[in-house]
Trainee: 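The structure is given below, and queries will be raised subsequently.
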Amino acid sequence: MKKILITGGAGYIASHTNLELLKGDFELVLIDNFCNSCAESIKRIEELSGRTVKFHQINLMDTQALDAVFTLEPDIDSVIHFAALKAVGESVEIPLAYYTNNITGSLNLYQAMKNHGVRKIVFSSSATVYGDPVTIPVTENAPVQATNPYGQTKAMMEQILIDTAHAENWDIAILRYFNPVGAHESGRIGEDPSYPNNLLPFVSQVAAGIREKVVIFGDDWDTPDGTGVRDYIHVVDLAKAHVKSIEKLASSKGVHIYNIGTGRGYSVLEMVKAFEDACGHSIAYQVGPRRSGDIAEVTGDTNKAEAELGWTAELGLKHMVDSAWKWQSMNPNGYKKISTS
Ligand code: UDP
């Protein structure tokens, strides 16, 4: 059984990835500092999978604690590196925290891997590294030109990893996620932001009556209905891409970079309408000014992932919004209150 170390192991994308990995022949060691997650998600992963996972509450800044995990688990085969601060707006306000946490945390992880001879890693990157691409759907060889500190940290973490892979003979997969949404079909695992920055968690909370209305960030973009268009990807599809990547690294050497999206774009208005269908009532919204740093439209070309990983997104818009609504309805306070159903 292959042992995988998962950083940020209690978070939104990690928890869904853990569930997919636990269907297979993998043993999981999770680390997390709970800065944007909580232990309840790990408990639910264990319940849903019927398996146990190992967990260490540590911060990637703590090099000694990190090293101790590798010493305690000498047979780690590979790492999936999710842990990072991830709010674009916040990254503009407190860039030093983002650079320190994301870059230093990754450097510490990569150094610990080197110290302990672990040479395989799947890295959680973002389509944000493309900035405002000239051509869409964007391909993996488009220029990396992030426009905010969060995206810059992802681009830097990628580059450090690529340089290390070349120097140290590592085998790496960099997954550039488009817009992850939705939740596990059970409704027990989902996204639990302290304050929703992204569109769908915000729409969800308005639908649930927690917030008054959605503010649409501009309807004068150069898109069919004037609102921003993004490539939304169901988090369970995204989770499966990580399993495929781990499998890929078992037999394929070197550096691999993949877009993980659907290739299909939806506008903000289309997302709100789809969510209205999911929850069965109207959702209040108003059009506000554009958000600084936003772009009109981005979608990903996913042919490379399909050809090389044998992966393609299977779950469409209805699955995305239905599962998001199920999670929201079953967990009105996120992980804070145990679901009764
Ligand atoms: N958006 C919006 N209102 C919100 C949050 C987001 O209109 O409260 C829009 C945003 O301008 C973009 C799309 O929804 O066009 C997706 O934004 P999100 O922050 O979820 O992801 P991004 O692609 O910016 O990383």
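When a ligand or atom number is given, it counts from 1 through the structure's own listing order.
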Trainee: Can you confirm whether or not the ring centre of Trp170 sits under 6.0 Å from the ring centre of Phe123?
Mentor: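 They do not qualify: ring centres at least 6.0 Å apart.
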Trainee: Around atom CD of Glu185, are there more than 12 heavy atoms of other residues, nucleotides or ligands at under 6.0 Å?
Mentor: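 Result for CD/Glu185: open.
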Trainee: For a quick check under 3.5 Å, do Thr262 and Asp231 share a side-chain donor-acceptor pair by atom type?
Mentor: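 Their side chains do contain a donor-acceptor pair, which is all the 3.5 Å distance test asks for.
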Trainee: Would you mind checking which non-hydrogen protein atom is closest to atom 13 (C) of ligand 1, with the distance to 0.1 Å?
Mentor: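 Looking at atom 13 (C) of ligand 1, the protein heavy atom closest to it is Tyr232 OH, 3.6 Å.
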Trainee: Aromatic contact between Phe202 and Phe275, with the criterion being ring centroids under 6.0 Å apart: yes or no?
Mentor: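 Not under 6.0 Å, so no.
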Trainee: Considering only protein heavy atoms, which is closest to atom 25 (O) of ligand 1, and at what distance to one decimal place?
Mentor: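 Its nearest protein heavy-atom neighbour is Asn179 ND2, 4.0 Å.
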Trainee: Can you pull out the closest protein heavy atom to atom 9 (C) of ligand 1? Residue, atom name and distance to 0.1 Å, please.
Mentor: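 Answer for atom 9 (C) of ligand 1: Val268 CG2, 3.6 Å.
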Trainee: When you look for heavy atoms under 4.0 Å from ligand 1, do you find them on the side chain of Asn197, its backbone, both, or neither?
Mentor: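 Contact part for Asn197 vs ligand 1: backbone (N, CA, C, O).
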Trainee: So, Arg44 and Tyr335: side-chain donor and acceptor under 3.5 Å apart, yes or no?
Mentor: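 Per modelled atom types, Arg44 and Tyr335 side chains form no pair under 3.5 Å.
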Trainee: Ring-plane angle category for Phe82 and His242, please: parallel below 30°, perpendicular beyond 60°, tilted otherwise.
Mentor: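 Because their plane-to-plane angle lies in the 30° to 60° range, the rings of Phe82 and His242 count as tilted.
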Trainee: Could you tell me whether Leu199 approaches ligand 1 through its side chain, its backbone, both or neither, with non-hydrogen atoms closer than 4.0 Å?
Mentor: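 It is both backbone and side chain that touch ligand 1.
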Trainee: May I ask you to check whether Phe202 has an N/O atom sitting below 3.5 Å from an N/O atom of ligand 1?
Mentor: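 No, no N or O pair falls under 3.5 Å.
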Trainee: In ligand 1, which numbered atoms sit nearer than 4.0 Å to a non-hydrogen atom of Ile216?
Mentor: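 Those qualifying, in numeric order: 7 (O).
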Trainee: Could you find the nearest protein heavy atom to atom 10 (C) of ligand 1 and give me its residue, atom name and distance?
Mentor: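 Here the closest protein heavy atom is Asp294 OD2, 3.4 Å.
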Trainee: Going by heavy atoms, is Val215 under 4.0 Å from ligand 1?
Mentor: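 Contact check Val215 vs ligand 1: positive.
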Trainee: Distance under 4.0 Å to a non-hydrogen atom of Asn198: what atoms of ligand 1 satisfy this?
Mentor: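 Answer, ordered by atom number: 18 (P), 19 (O), 20 (O), 21 (O).
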Trainee: I want to confirm something. Looking only at heavy atoms, which of Arg230, Arg291, Glu297 is nearest to atom 17 (O) of ligand 1?
Mentor: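 The option holding the nearest heavy atom is Arg291.
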Trainee: Is the ring pair His16/Tyr12 parallel, tilted or perpendicular, if the boundaries are 30 and 60 degrees?
Mentor: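 Rings of His16 and Tyr12: perpendicular, over 60°.
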Trainee: When you measure from atom 2 (C) of ligand 1 to every protein heavy atom, which one gives the shortest distance, and what is it?
Mentor: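 Protein heavy atom at minimum distance: Phe217 CD1, 3.4 Å.
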Trainee: Assess, by modelled atom type and distance only, whether the side chains of Tyr258 and Glu308 contain a donor and an acceptor separated by less than 3.5 Å.
Mentor: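 Side-chain D/A pair, Tyr258 to Glu308: present.
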